[in-house]
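Down below is the structure, laid out as structure tokens.
Note that the coordinates shown come from a computational prediction; the quantities given were computed from them, not determined experimentally. By convention in this document, chain letters (A, B, ...) are assigned in the order of the sequence lines, proteins followed by strands, and residues within each chain are numbered from 1.
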Number of protein chains: 2
Amino acid sequence: MEWSIQDVARLAGTTSRTLRHYGELGLLTPSRVGGNGYRYFDQDCLVRLQRILLLRELGLGLPAIAEVVNGAQRDTVAALRTHLDLLEQERERIGRQIESVKTTLRKTEEGEQLMAEEVFDGFDHTQYEQEVTERWGREAYQRGDRWWRSLSDAEKAAFKQRQVDIAKAFAGALLAGLPADDDRVQAITQRHFDWLSISPSPTRGHFVALGEMYVADPRFTDAYDRHGTGTAVLVRDAMKVFAERNLND
Amino acid sequence: MEWSIQDVARLAGTTSRTLRHYGELGLLTPSRVGGNGYRYFDQDCLVRLQRILLLRELGLGLPAIAEVVNGAQRDTVAALRTHLDLLEQERERIGRQIESVKTTLRKTEEGEQLMAEEVFDGFDHTQYEQEVTERWGREAYQRGDRWWRSLSDAEKAAFKQRQVDIAKAFAGALLAGLPADDDRVQAITQRHFDWLSISPSPTRGHFVALGEMYVADPRFTDAYDRHGTGTAVLVRDAMKVFAERNLND
DNA sequence: CGTTGACCTTGACGTTACGTCAACTTCTAC
DNA sequence: GTAGAAGTTGACGTAACGTCAAGGTCAACG
């Protein structure tokens, strides 16, 4: 089963523009892109979109959402459980808001003095951003951290050095004016892929999304562009080509 | 009792910048401005801010919120009741969302096929804008009703007669096959507008909404269609054209 | 009395998450 | 085969603030 971009937009109560936007950010990659460029989405995409919209409603920014749905939680089921938790919390918050308004209503009717804090109980919903990133951040961080700390100092240094070497190689390719689909660039991308594959092996969509993140997240672009401005963009393009040639979804 | 801008920001879980922004838009004027330019807010301001934040959470744009809190609902208590209703609705929507996610969770765990519509049940929260403006229209009608009952019998009779004259004129135009944007029809609409303006002068949106009410409310359609079937529809269309040409929002 | 630090002001420009054309291609259906 | 709905990629616009910059105000403490 497969849906067109308009189908999905209507189903989710959003617009096709929004879906394309999410595509650009590597948030929601179509499961299939036709030879004509048309985007098609499958069931997994729908579940992913459900998660995205949930997180958005909880007030998270799109980059934060990207980190959550791309990186951390490979386990969809666990992620959905967390979402349920947050939704319950949200419902409870609405409940507190209702009580607030009821109080305001009653006291206004009776001309009674009302207390400032109770007027706004349940109104601050900026808490979620923290809560969510904390929850997922902790999890992702712990996984990464455990792995990282399991390395010896020499291994750590080697890992860092490999990233620097690869970044330099990309920067050199950029300087030489090589296109993303050049064989030599793709060879570097293979090294890059291997380097990333030390952690659980990524699918095609995953790899492409990772590429998009490079140009979106300043932390990553810095790591690459310090070796030459524009390197990060080349890396992303090269990753896209690499994914199409070598990975299956 | 009086609060500084920072006090209010902290109480409401927002920022001072936001409060200043609302001030610029005429959404929330400080109850007092010191000789030094400092803004101070009293209890009424807090209640007003509560309403603003509520409407914002329901997805309304700031101009729409301005219309609601400035224009129509002078009666704070009635407004708060409406808000309570909307909040209950919102809570119910969250409930539907929770069910959606639960379904997704269960079916994902069991590897079952999931249905597209149920994945996104409760996700579209664009409905509120409509709902709120609709209610605002109803409320405006009720205000009109109170005004009506305050008139003497003679005044009521005169008012009715004018309506009948206008309705007959519209019916005649309909019989002659004139379109809504015909000058003669628009002249009648001007009379109609003047007739309505006896009650507080309407904005463009208000006038158009009133037109829509004519075809929705049987009490009104009767009053016009008795002079010829289809008159109410013509009236609505003519009002729309008139509003576009002569009224500003 | 001076100064330190928290708080206030008014601009003015930056940012996020899309909305909204524009210009063009592609599928669907009579 | 032609209309019309739906798709594409840019590119620019916008709403609701965030974020400086440059400066005035106020309580308090030494």
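- Looking at residues two or more places apart in sequence or on another chain, you find a side-chain hydrogen bond (donor to acceptor under 3.5 Å, both in side chains) between Glu92(B) and Arg96(B).
- Every residue was checked against the side-chain hydrogen bond (donor to acceptor under 3.5 Å, both in side chains) condition with Arg10(A), not counting sequence neighbours, and none meets it.
- Checking the phosphate oxygens (OP1, OP2) of dC8(C), a side-chain nitrogen or oxygen of Ser4(B) falls inside 4.0 Å.
- Separating the CZ atom of Phe41(B) from the P atom of dC7(C) is a distance of 16 Å, rounded to the nearest angstrom.
- With hydrogens and angles disregarded, no donor-acceptor distance shorter than 3.5 Å links the side chain of Thr104(B) to the backbone of Val119(B).
- Scored by the salt bridge (Lys or Arg N to Asp or Glu O under 4.0 Å) test, Glu112(A) finds Arg106(A) as partners (sequence neighbours excluded).
- Following rounding to the nearest Å, Arg32(B) (CZ) and dC8(C) (C1') show an atom-to-atom distance of 13 Å.
- By the salt bridge (Lys or Arg N to Asp or Glu O under 4.0 Å) test, Arg20(B) pairs with no residue at all, sequence neighbours left out.
- Residues satisfying the side-chain hydrogen bond (donor to acceptor under 3.5 Å, both in side chains) criterion with Glu88(A), sequence neighbours excluded, are Arg91(A).
- Within the 3.5 Å criterion, the main-chain N or O of Leu105(A) finds no donor-acceptor partner in the side chain of Arg81(B).
- The footprint of chain B on DNA chain D, defined by a heavy-atom cutoff below 4.0 Å, extends from dA16(D) to dC26(D).
- Residues that satisfy the salt bridge (Lys or Arg N to Asp or Glu O under 4.0 Å) test with Arg56(A), not counting sequence neighbours, are absent from this structure.
- Side-chain atoms of Ser100(B) come within 3.5 Å of backbone atoms of Glu118(B) as a donor-acceptor pair (strictly under, hydrogens ignored).
- Rounded to a whole Å, the CD1 atom of Ile5(B) is 8 Å from the C1' atom of dC8(C).
- Scored by the side-chain hydrogen bond (donor to acceptor under 3.5 Å, both in side chains) test, Glu57(A) finds Arg93(B) as partners (sequence neighbours excluded).
- Counting heavy atoms from C-beta outward, Lys107(A) and Gln43(B) have side chains that stay 4.5 Å or more apart.
- Applying the salt bridge (Lys or Arg N to Asp or Glu O under 4.0 Å) criterion to Arg32(B), with sequence neighbours excluded, gives Glu2(B).
- Residues from residues 6-22 of chain A that place a heavy atom under 4.0 Å from any atom of DNA chain C, listed by number: Thr15(A), Arg17(A), Thr18(A), His21(A), Tyr22(A).
- For the pair Asp121(A) and Thr103(A), the minimum side-chain heavy-atom distance is 4.5 Å or more.
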Between the protein and nucleotides 23-30 of chain C, are there any N/O to N/O pairs under 3.5 Å, and if so, what are the atom names and distances?
from    : atom 1 : to       : atom 2 : distance (Å)
dC27(C) : OP1    : Asn36(A) : ND2    : 2.8

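- Taking the C1' atoms of five terminal pairs at each end of the helix from dC1(C)-dG30(D) to dC30(C)-dG1(D), the two resulting helix axes are inclined by 10°, rounded to 10°.
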